[in-house]
Amino acid sequence: MTRLTQFDVIRRNLSRKPFRTGILAAIVFLFSFTLYCGTVISQGLGAGTRMMSERLGADVLFVPYGYDGKIQNSLLRGEPSSFYLDSRFADDLRGEKGVDKVTSQLFIATLRAACCTLPVQLIGIDPRTDFVVRPWMAAVIDRPLGESEVVVGHKIIGRVGETIQLFNREFIIAARLDSTGMGFDTSVFMDLDRARRLLLLSDLGPHLNLPDQLDRNTFVSSTLVKASPLVDIKELVNALSQKYAVKYNLDFVVVAGMISDIASALHMFSGFVYIFSGIVWALALVVIALVFSAIVRERRKEFGVLRVIGASRAALAQLVITEALLLSSAGALLGTGTAGLIMRLFSAYISVALQLPSISPGTASLLFTGGGVFLLGLLTGPLACLPAVRKLGRIDAYIAMREEA
Amino acid sequence: MKNILELNSVSMIYGPVKALHDVTLNVREGEWVAIMGSSGSGKTTMMNIVGCMNKATHGTVFLDGEKISRLNAKDLTAIRRDKIGLIFQQFHVISYLTAVENVMIAQYYHSMADEQEALEALERVGLGHRARHLPRQLSGGEQQRLCIARALINHPKLILADEPTGNLDEANQEIVMDIFHQLHGQGSTIVVVTHSPDVASHAQRVVRLEFGRMVREEQPVERHVA
Ligand SMILES: Nc1ncnc2c1ncn2[C@@H]1O[C@H](COP(=O)(O)OP(=O)(O)OP(=O)(O)O)[C@@H](O)[C@H]1O
Ligand SMILES: [Mg+2]
């Protein structure tokens, strides 16, 4: 027995006007798609920024003059670079008022490592003074690194215990760090002295532009400072710069400033996403409202006939609302589905393209956000068709029925 | 026999127009009544009131014992759906549904669509072979028969037909009258509005309206059934 329900009537109507149906669904698609992608990217950036302020325990990074941009690129995006600073600067700093902790790091860019398709940033850390990397490295390894051991960032290929080749030498992967969404993900950490010797011994050494005047046994790349509690960072930086900038040819990056720059970039991005989604949503509401008003006007006669053969007003309202619901559910499902898939597959590329620290949300968070966006998309149609439904109530069945179709 | 329909002093006023004026009419169950009158005399107005599509300005209307002149739109819809089969001069069908689906949609709003029963209804009006055709593929007479099949599908107690043969040729008119005779024979009450004395002559009683008033009741001219 074939059944016929309102649902068949609705389906018949939607498929009778494939173009109109397609356009309306497409608008809802666009809305769900932008909102979902935008929200997920924003969330990733937000988590990345939070992670970054947690991970960068230093207040100020001192680098050679002109390298403030390079170290930011290295930290944020993992663009490897090599630069050199006199290690005596760190010793000078230790006696300064307002300086709590000082440590130095060595940044060496590998042109290419066997492990990786991307160039890798080698970071040498000083186990005696380090206060930046060790706190979160402690989560994965609870002993000092051995002579030929490295800790690798999240995106570096190779299992713990396996070896990795750097400058034609083999190192054992002692631990792998969790994802940070920062340049650390494509970095390899080793002992500072070991890194320095590696650089000098490697045949790449001459190409890395090591200045002649630096002591071959002590040079570093950057010196990181943690200020004493309650010290005004700006004043401290001013004082230190005045004293040492010329002597050591210094530049500096204030971490709080860097993070707040990123945070404001993130706010701008999120603001743009939500404003744009809002505009698309308003557009969707208006277009669907107008089209459904037109639909109700155009189908007055048909609705009149349905009323006369026994459809209640509620049944007709249900007919129209369900039609809108079907439209928007198709659009919302495709929109969130496509966006979810793209976020899943390309989140790494997207965060690289954005050039900001970003951590892709986990599956649960992705599903949760997707569910919310889908619901919002789903509601768009029924919400937008309400004015048309109200008009429906004013149709005088018998008169409408007699109108020309 | 009890009255299925009772109109007591019913008036319908559209602004300055008194479409119905103090009309009183009783129709007994199983009766076949024809309503005649010149154009604009209020026939359709009366059918709309009886058919629960409009409410009278004054007076009371009982349908199958229920006072419909007091009901709200929702209850009127329910009565119309459950007790009345409506047939019009124009063929009001849903253009994108096939013949059988047009019948089934009426079943659906009444209770539940049953294709078998819908096909049987089409068979009864001689449209069994056109069940899968869309309305635009049917002739006027066939569309009218489709409307009749749809009006009958939920076994209404009262069939209201407003000029059901107005757009039909003689042959189709005869077919429709035959169907009405069958229904009447099965006990249905039929009220038919017509301008045609020939159609009216099938009824047991003819009611005449002039300027919104009932002028007289008469027995139809004796008719020779061929
Ligand atoms: N909705 C309405 N608003 C105003 N006047 C109306 C309305 N419906 C009907 N009338 C008027 O009421 C009167 C009766 O109309 P009705 O349609 O009942 O006539 P009728 O007897 O069915 O005529 P016909 O034989 O031409 O169909 C007419 O003068 C008509 O103009
Ligand atoms: Mg009329």
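Here the structure is a predicted model, which means the values were calculated and not measured. Below, chain A is the first sequence line, B the second, and so on; all start at residue 1. Note: hydrogens, waters and symmetry copies are ignored here, and every other heavy atom, side chains too, is used.
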Region of Val305(A) in contact with chain B, defined by heavy-atom distances below 4.5 Å
side chain

Toward chain B, the part of Ala311(A) with a non-hydrogen atom under 4.5 Å
both

Distance, nearest 0.5 Å, that separates [atom1] of [X] from [atom2] of [Y]:
X	Y	atom1	atom2	result
Leu4(A)	Thr98(B)	CG	OG1	8.0 Å
Ser95(B)	Arg299(A)	OG	CZ	9.5 Å
Met112(B)	Thr5(A)	CE	OG1	12.0 Å

Tell me, yes or no, whether the heavy-atom count around Arg16(A) atom CZ, taken from other residues, nucleotides or ligands under 6.0 Å, exceeds 12.
yes

Largest heavy-atom contact set with chain A, pairs under 4.5 Å, which of Arg80(B), His110(B), Met53(B):
Arg80(B)

Can you say whether Leu86(B) sits under 4.5 Å from chain A via the side chain, the backbone, both, or neither, judging by heavy atoms?
side chain

Highest number of heavy-atom pairs under 4.5 Å with chain B among Asp8(A), Leu306(A), Asn13(A) belongs to Asn13(A)

Is there a side-chain contact (heavy atoms from CB on, under 4.5 Å) between Tyr108(B) and Val9(A) once you walk through the steps?
CA-CA 11 Å; Tyr108(B) 170 75; Val9(A) 174; over 6 Å; no

Tell me, with the steps shown, if Arg313(A) and Thr77(B) meet side-chain contact (heavy atoms from CB on, under 4.5 Å).
CA-CA 9 Å; Arg313(A) 274 188 186 151; Thr77(B) 302; over 6 Å; no

Could you check whether any side-chain N or O of Arg81(B) sits under 3.5 Å from a backbone N or O of Arg307(A), counting only pairs where one atom can act as donor and the other as acceptor?
no

Just wondering, do Leu97(B) and Arg12(A) contact through their side chains at under 4.5 Å, heavy atoms?
yes

Shortest non-hydrogen contact between Ile309(A) and Tyr109(B), atoms and distance:
O-CB, 4.3 Å

